[in-house]
Amino acid sequence: MMASEGGEDHRLPRIASAIRVIPDFPKPGIMFQDITTLLLDPKAFRDTIDMFVERYRDQEITIIAGVEARGFIFGPPIALAIGAKFVPMRKPKKLPGEVISEEYSLEYGTDRMEMHVGAVQPGDRALVIDDLIATGGTLSAAIRLLERVGAEVVECACVIELPELKGRERLGGTPLFVLVKAA
Amino acid sequence: MLLQVEVMAVCEGKKQDTRIQRIASSIRVVPDFPKKGIMFQDITTLLLDPKAFKDTVDLFVEQYTGRGISVVAGVEARGFIFGPPIALAIGAKFVPLRKPRKLPGEVISENYILEYGSDCLEMHVGAVQPGERALVVDDLIATGGTLCAAISLLERAGAEVLECACVIELPELKGRGRLNGKPLYVLVESH
């Protein structure tokens with residue numbers, strides 16, 4: 001059952017129904033929210049981008065930070081539409097230049113997220129984009145990286161939220177905007 | 001340390017030149033990454049120049065508009081940056097081609113050879129229908145191994161691959177000749 005945010009926007013039902021749920025991926029008990037089927041519906045994909053662009057175009061955003069890898073699909077079209085820089089936030093050892101890195105927790109163990117030194121300047125106004133927010137661990141690592149270099153993180157934006165995992169509360173006070181919520 | 005990329009404008013037409021110059025000069029070369037002797041072509045600096053990034057996408061869109069392309073397939077992960085804007089502009093589906101075990105649904109897989117060992121690329125079953133006309137997009141072509149695997153996946157699903165499109169080509173690695181006869185379109189060459 002997918003409930004939608006953003007009021008009664010007529011585009012949301014098509015976006016929500018374009019998302020496929022895959023049971024037991026990557027492991028038993030997880031209902032995986034698969035956005036690849038949304039990308040196969042050009043109108044739904046276009047509408048998804050438009051809804052984010054409409055929200056952010058007049059907010060003087062200079063940086064769109066997209067989390068590898070599905071944040072690379074949604075972030076660049078938004079960046080292009082609003083004239084912002086796109087900054088990829090990557091797993092360790094993928095970015096070729098000098099990086100800063102931030103550790104974050106997984107269910108078992110930790111991982112690291114990296115950003116290029118010099119990509120973001122103090123005073124930049126940033127959005128963090130990913131396809132989905134679950135526990136908020138990944139997004140909060142991205143927020144910390146951006147804040148460490150002096151950017152202001154205006155908001156996090158995701159296509160899907162899993163509200164039961166309470167990720168929204170773990171963003172250190174940064175607001176969260178999503179298009180659909182999945183139980 | 002910033003090194004200048006030696007580039008040749010690959011596109012014909014004077015009007016392309018100023019866009020290509022800006023695109024080429026926004027690409028950063030990082031020496032000895034991922035290992036000694038490799039001059040890595042870093043497109044993240046292109047993404048920090050909104051005009052250069054927009055021009056990059058526009059050049060591809062101009063090349064592919066009106067050719068009946070219904071699928072843009074992008075190779076993980078940097079193909080995910082360039083493919084979707086092209087797909088959105090031409091009204092095509094975007095199909096991600098991924099490393100193993102990332103795609104959640106039923107997949108088909110294609111193995112390919114690396115310098116040392118092999119790797120594998122996957123595509124969702126049902127993403128592409130027989131008869132669809134497809135484009136493959138990645139940031140760079142080196143030996144052509146990855147793009148060749150991508151072409152195979154699409155053809156196995158019954159699609160017709162029209163062309164491969166990359167921002168950068170490393171011509172000395174001769175990838176262009178390894179694409180199953182498919183044409184290659186690039187914006188800059190790096191020597």
Side-chain angles (χ1 to χ4, degrees), chain A residues 20-26 30-50 62-64 66 68-91 93-99 115-116 118-121 124, chain B residues 1-2 28-34 38-58 70-72 74 76-96 98-99 101-107 123-124 126-129:
Chain A
R20 172 172 70 160
V21 180
I22 306 266
D24 301 323
F25 183 89
I30 308 245
M31 302 294 280
F32 189 90
Q33 304 289 324
D34 179 20
I35 51 88
T36 67
T37 43
L38 184 156
L39 307 176
L40 297 179
D41 180 345
K43 176 167 168 41
F45 186 20
R46 172 87 260 153
D47 287 347
T48 300
I49 298 301
D50 285 351
T62 54
I63 298 280
I64 303 285
E68 165 166 22
R70 290 181 290 265
F72 288 9
I73 295 173
F74 296 98
I78 299 168
L80 286 161
I82 69 175
K85 304 187 230 183
F86 179 72
V87 176
M89 313 293 267
R90 297 211 68 172
K91 295 286 164 84
K93 300 188 287 294
K94 301 295 188 74
L95 291 170
E98 189 187 359
V99 297
M115 179 174 80
H116 266 149
V120 174
Q121 306 308 314
D124 266 325
Chain B
M1 178 165 76
L2 275 182
R28 171 173 70 161
V29 180
V30 182
D32 299 323
F33 183 88
I38 307 246
M39 303 295 278
F40 189 90
Q41 306 289 322
D42 179 19
I43 51 86
T44 67
T45 44
L46 185 160
L47 307 176
L48 296 178
D49 180 344
K51 177 167 170 34
F53 186 21
K54 181 176 191 310
D55 287 346
T56 300
V57 173
D58 286 350
S70 58
V71 173
V72 175
E76 164 165 23
R78 289 182 290 265
F80 288 9
I81 295 173
F82 297 98
I86 298 167
L88 286 161
I90 70 175
K93 305 191 260 189
F94 179 71
V95 175
R98 298 210 68 172
K99 295 287 162 78
R101 295 176 297 282
K102 301 295 187 75
L103 291 169
E106 188 187 0
V107 297
M123 180 173 79
H124 267 149
V128 173
Q129 305 307 315

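Per chain, numbering begins at 1; letters A, B, ... match sequence-line order. Model, not experiment: these values are computed from the prediction.
- Looking at A:F32, the atoms closer than 4.5 Å to chain B (heavy atoms on both sides) all sit in the side chain, from C-beta outward.
- Interface remark: B:F33 contributes side-chain atoms only to the contact with chain A (heavy atom separation under 4.5 Å).
- Interface check for chain A: of the options B:P96, B:A127, B:G83, the most heavy-atom pairs under 4.5 Å are formed by B:A127.
- A:A79 does not touch chain B: none of its heavy atoms, backbone or side chain, sits under 4.5 Å away.
- In this structure, B:L48 and A:H116 have side chains that are not in contact, with every pair of non-hydrogen atoms separated by 4.5 Å or more.
- Between A:R20 and B:G105, the closest heavy-atom pair is NH2-CA, 3.9 Å.
- Using a 4.5 Å cut-off between heavy atoms, B:L103 touches chain A through backbone and side chain atoms alike.
- Heavy atoms of A:I49 lying under 4.5 Å from chain B belong exclusively to its side chain.
- Atom CD1 of B:I81 and atom CD of A:E68 lie 9.0 Å apart (nearest 0.5 Å).
- Using a 4.5 Å cut-off between heavy atoms, B:R98 contacts chain A through its side chain alone, with no backbone atom that close.
- Taking chain B as the reference chain and counting heavy-atom pairs below 4.5 Å, the highest number among A:P76, A:G83, A:G118 is found for A:P76.
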Verdict with supporting geometry, B:L47 and A:V87, side-chain contact (heavy atoms from CB on, under 4.5 Å): CA-CA 7 Å; B:L47 307 176; A:V87 176; over 6 Å; no
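- Chosen from A:K85, A:K43, A:K94, A:R90, the residue pairing most often with chain B at heavy-atom distances under 4.5 Å is A:K85.
- Proximity to chain A (any heavy atom under 4.5 Å) is shown, for B:K51, by neither the backbone nor the side chain.
- The heavy-atom pair separating B:P104 from A:I22 by the smallest distance is O-CG2, 3.4 Å.
- Only the side chain of A:F25 comes within contact range of chain B, with at least one heavy atom under 4.5 Å from a heavy atom of that chain.
- The contact between B:A92 and chain A is made entirely by backbone atoms, counting heavy-atom distances below 4.5 Å.
- Listed options B:P85, B:P34, B:A89 were ranked by heavy-atom pairs under 4.5 angstrom with chain A; first place goes to B:P85.
- The contact between A:P96 and chain B is made by backbone and side chain atoms together, counting heavy-atom distances below 4.5 Å.
- In this structure, chain A has a heavy atom under 4.5 Å from the side chain of B:V57, while its backbone stays farther away.
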